[in-house]
Amino acid sequence: MKIRKNDTVLVIAGKDKGKKGKVRFAYPKDERVLVDGINLIKRHTRAKGTVRQAGIIEREDPIRVSNLMLLCNKCNHPTRIGFRLLKDGRKVRVCRSCGEVID
Ligand SMILES: [Zn+2]
């Protein structure tokens, strides 16, 4: 998957369009990621002992990767991602705007 944990991403579609956030968790199988402060949903919870409080809490819901663009940590632009094979056989991600290696 092109977007990974700890990446900073820009939302390009949906209700949070234009917002930025950091990827907290990636679900490669579902092509979704959990981004801090993005795609908040309201959850009604019931008290479960002393661990959980009853009421409505807001939490993030995983968002589809296709709704996101990676913000390059080198040039700071939302960018598409390319891949490059290094001499040692590692495959790294590169920024399509500035050409820098992202990983
Ligand atoms: Zn860049």
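Just so you know, ligand 1 is whichever comes first in the structure, and atom 1 is the first atom listed for that ligand. We use all heavy atoms of the structure for the numbers below, so side chains are in, but hydrogens, waters and symmetry mates are not. In this text, all values refer to a predicted model and were calculated from it rather than measured experimentally.
- Judged by distance alone, the side chain of D88 and the main-chain N or O of R90 form a donor-acceptor pair under 3.5 Å.
- Here R59 pairs with D61 in a salt bridge; the nearest charged N to carboxylate O distance falls below 4.0 Å.
- With waters neither drawn nor counted, the protein N/O/S atoms under 2.8 Å from the Zn ion (ligand 1) amount to 4.
- For the ring pair (Phe, Tyr, Trp, His ring centres under 6.0 Å) condition, the pairs that include at least one residue of residues 9-36, sequence neighbours left out, are F25-Y27.
- Chaining together hydrophobic side chains whose heavy atoms lie under 4.5 Å apart places V92 alongside L86, V94, V101.
- Among pairs with a residue in residues 9-24, those fulfilling side chain to side chain donor-acceptor pair (under 3.5 Å) read D16-K19, R24-D36, R24-E60, at least two apart in sequence or across chains.
- Between C75 and C95 the shortest side-chain heavy-atom distance falls below 4.5 Å.
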